[in-house]
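In the text below, chain A, chain B and the rest are named by the order of the sequence lines, each starting its count at 1.
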4 protein chains.
Amino acid sequence: MPPTGPPPAAGRPRLRADAARNRAQILAAARTAFRELGTAAPLDEIARRAGVNIATLYRRFPDREALIRQIVIDGFTVVLQAADTALATAPDGALASIEELLLHLVRERETLVLPLIGGPVTEDPEAVALQLQIAARLEDLLATARDQGAVRADATAVDLITTGALACRPLPYLPAEQAAALAERHVRIFLDGLPPTKARPLPPSPTNADLTSYWKAAKQPES
Amino acid sequence: MPPTGPPPAAGRPRLRADAARNRAQILAAARTAFRELGTAAPLDEIARRAGVNIATLYRRFPDREALIRQIVIDGFTVVLQAADTALATAPDGALASIEELLLHLVRERETLVLPLIGGPVTEDPEAVALQLQIAARLEDLLATARDQGAVRADATAVDLITTGALACRPLPYLPAEQAAALAERHVRIFLDGLPPTKARPLPPSPTNADLTSYWKAAKQPES
Amino acid sequence: MPPTGPPPAAGRPRLRADAARNRAQILAAARTAFRELGTAAPLDEIARRAGVNIATLYRRFPDREALIRQIVIDGFTVVLQAADTALATAPDGALASIEELLLHLVRERETLVLPLIGGPVTEDPEAVALQLQIAARLEDLLATARDQGAVRADATAVDLITTGALACRPLPYLPAEQAAALAERHVRIFLDGLPPTKARPLPPSPTNADLTSYWKAAKQPES
Amino acid sequence: MPPTGPPPAAGRPRLRADAARNRAQILAAARTAFRELGTAAPLDEIARRAGVNIATLYRRFPDREALIRQIVIDGFTVVLQAADTALATAPDGALASIEELLLHLVRERETLVLPLIGGPVTEDPEAVALQLQIAARLEDLLATARDQGAVRADATAVDLITTGALACRPLPYLPAEQAAALAERHVRIFLDGLPPTKARPLPPSPTNADLTSYWKAAKQPES
DNA sequence: GATGAATGAGTTTTCATTCAT
DNA sequence: AATGAATGAAAACTCATTCAT
């Protein structure tokens, strides 16, 4: 259930009902096509799957970039909501909240396609803002978990983001169900490695500044 | 240092020195291009990066498939060698060997491109054989580790493969060094979750049959 | 000040005030766009410049042809009025009247766009009638000038038309003011060559029949 | 007979014979098409007329701009050669040389298409250099003519350029022969206005700086 | 063995035109 | 009367592949 409603009051007039439906169909088709064929998927193919004319697609999204951008934003919105939910339940056990969050993302993989697979693909302010908000939520979540003694001190929000991103990336050729099962097992093992441990400390993490440059990275490869 | 020499005595006459050099340059360029642009990268572009004419590329690799196939085989060869090494050192501590193996793969990420990123992209017998050999080595490795009490009973070779594959997939836009650092942290946390634990058991794993169908999956998406 | 009012009582009901304004804006935008982009300028673009929806343009002008036709007629109307004025002042010195006429056209270049630049672009009876009237006025003007001994015997109305047309064609990239200055100089030198002279006679002129076929030429190129 | 041979030793290797033939055919087809349909003429159409595949056209000329550029340069080369010839014969009567030059251009109209019709369409250094050389030749020619007492003092090279440009611009819809006849008459009358005269002096001419900005004008309209 | 060249088959993008609101 | 929306058709541009040198 990706958010495809009209962008929140962004100066633009609300779309006519049929146009809004077309727009949503285009986004859904694009998500599927990008997942299956990469972000270089032919736009006519996307239009065909959406049941609209290619020119209609172009009317809504002036270029491939714009289409990708919307999917990224929709995906990040889903992640942010999940992070908010996790944060709300954190006082009752942050580690469980984290697990819930990561498993939720794994289950929603199909929707998240680009933000997690393709990584940040735009410097669009809206997308960047969402990313920073998500990072902030994860930091809070980890802080709570650490206070509860549930998570090792050297784990960072970046580690959670990495794990979420990796686990959501489709392992190609694997049917959705099996991919989900594998991803879930992977997340579970990872989480079992997260509590405080006598194990050697982790190697140094990239800093927040690095993360930011990561989030803001300029250009996206075509796939 | 990916293996780019002529495949061992496969009936084909040895290449002339300049031809061999061209072949190696083409493979190197293809690896880079596939990583950056996906496996749909224009062959023109690959030839250009390799500094040869497109027709020369075609002489060496009759189609995109053949180019991909060689890269996959080269990659699996690297993985198999690493698995062999890990197995040899396993008696002295299998968990450390596993860690060594996974971190080695992370460090060799650039070379492994297709086998791990793109997954199996061919039904080529040579590639399939390599994959099965790798799986067998990992099973042995896990068995040894279990015997040593170092690894939980419900972890499988598939989990290791998944982890290796995920950790090697490039997080786009992240500079190589930082990507490696993150991947290493991820592997380390995962490994800390691997020993026997009182935690809930893992959800069921896809079976070996599933794995095989995974390895043999018929057609590759363009990215 | 091009004439853009509704054509005089042609059976059509008078336009509503806002509709008339839209119509005028469309014509103005079309003149500019045709000048800058050629007569193949996108109708979208014209509508955009006029600040109306493309469908509104289509309501007023069923096709590109109709739009062009109106601009041509407006232009010829301007030329005819100028020729009438010239004829009225001819008894006081026809050469000066001719100069006045040509310079007037040069100054009105922006308005005349199509009739002079693109030539006759329609077989529309109204346009053809205007053209014939203009030719007749110029013949009269030349006859008067010849009677006054001010113009060589072998100059024809066609020469005047040619000169007017050429001088009005925009030399691309030249700012309007400089283009006008150059055109004025050109007309002035040309006029200095117009009086009776001992110079060799001019080569034969295309006949009136040729001119007619010129005026009536069937199809317009896209630019 | 436009110059279509390989560009003078411009670093590029000489074209293969068949490629050179294709290149020449493309340029010839483009000249015709641009004349008939404007510079927005479909490139498909040009390729079709040239008897080559559209991709072949793209191989030689990466975009429409490049095609236009070459035609402009070829055209200016013709003009420069004619100006050189005129200069060589100037001592025997510069006015006759000027007439010869202008009439030559009129006769070569078909070849000159873009430089004179569309004006300078590029800031390409080669094209600009040619334009400046042409202007210099015309200055010399006028200086000689003035010394001979054959041309009024206030006529400038810019006037000659204007006249050449105007006379060469096709009056649309007029068959080539008649257009040439009219153009020739026009040039002849203009030339009869060129000798010293008691007539009022001409209005001020745009300066050389203006001319230069004219020649260098950045962007070309699509027609 | 290598390359310049050409091409057919896409894919992307634009535009004239119609329709429903 | 005006507009948002949709579309079919065309034009621009790219790319895999083959051929002749």
Side-chain angles (χ1 to χ4, degrees), chain A residues 12-23 26 40-48 51-64, chain B residues 13 15-23 40-47 51-65 67, chain C residues 13 15-23 40-48 51-65 67, chain D residues 12-23 40-48 51-64:
Chain A
R12 289 165 280 192
R14 187 176 304 281
L15 285 181
R16 231 165 59 182
D18 53 346
R21 191 170 352 104
N22 280 346
R23 196 185 115 103
I26 290 169
L43 296 184
D44 23 2
E45 174 66 12
I46 293 174
R48 205 182 52 65
V52 305
N53 186 281
I54 175 68
T56 299
L57 185 154
Y58 269 90
R59 161 179 269 272
R60 281 308 146 228
F61 303 97
D63 53 22
R64 182 184 300 275
Chain B
L15 289 179
R16 229 166 61 183
D18 55 345
R21 191 171 352 102
N22 280 348
R23 199 185 113 101
L43 297 185
D44 276 13
E45 173 67 13
I46 293 174
V52 305
N53 187 281
I54 176 67
T56 300
L57 185 154
Y58 268 89
R59 166 175 287 272
R60 281 304 144 233
F61 303 95
D63 53 23
R64 181 185 300 275
E65 184 75 13
L67 190 51
Chain C
L15 287 179
R16 230 167 63 181
D18 55 345
R21 191 171 351 102
N22 279 348
R23 201 185 112 100
L43 296 185
D44 276 13
E45 174 67 13
I46 294 174
R48 206 183 51 67
V52 305
N53 187 281
I54 176 67
T56 300
L57 186 154
Y58 268 89
R59 166 175 287 273
R60 280 308 144 231
F61 303 96
D63 54 22
R64 181 186 299 275
E65 184 75 13
L67 190 51
Chain D
R12 288 165 281 192
R14 186 176 304 281
L15 286 181
R16 231 166 60 182
D18 53 347
R21 191 171 352 103
N22 279 346
R23 199 186 114 103
L43 296 184
D44 280 16
E45 174 66 14
I46 293 174
R48 207 183 49 66
V52 304
N53 186 280
I54 176 69
T56 299
L57 185 154
Y58 271 91
R59 161 180 269 270
R60 282 306 147 227
F61 304 97
D63 53 23
R64 183 184 299 276

dA5(E) base / Arg16(D) side chain donor-acceptor hit below 3.5 Å: no

Between C1' of dA11(F) and CG of Asp63(D), the distance in whole Å: 15 Å

5'-most by nearest nucleotide on DNA chain F - Tyr58(B) or Asn53(C): Asn53(C)

DNA chain F base-pair string [pairs: Watson-Crick or G-U under 3.5 Å; |: paired with another strand]: .||||||||||||||||||||

Touch class at under 4.0 angstrom, heavy-atom based, for Ala55(D) against every strand present: base

Short side-chain N/O contact from Arg64(C) to OP1 or OP2 of dA16(E), under 4.0 Å: yes

Straight-line distance of Arg23(B) CZ to Leu67(B) CG, nearest 0.5 Å: 9.5 Å

Given Val52(D), Ile54(D), Leu57(D), the one that forms side chain to side chain contact (heavy atoms under 4.5 Å, CB included) with Ile46(D): Leu57(D)

Among dA2(E), dA6(F), dT17(F), the one nearest Thr56(A) by side-chain distance: dA6(F)

Straight-line distance of Asp18(B) CG to Arg21(B) CZ, nearest 0.5 Å: 6.0 Å

5' priority, DNA chain F, between Arg60(C) and Asp18(D) [closest heavy atom]: Arg60(C)

Phosphate OP1/OP2 of dA6(E): any Asn22(D) side-chain N/O under 4.0 Å: yes

Inter-residue atom distance Asp44(A).CG - Tyr58(A).OH, 0.5 Å rounding: 8.0 Å

Atom-to-atom span, CD1 of Ile46(D) to C1' of dC13(F) - whole angstrom: 14 Å

Sugar-phosphate only, base, or nothing, as touched by Arg21(C) at under 4.0 Å among non-hydrogen atoms: nothing

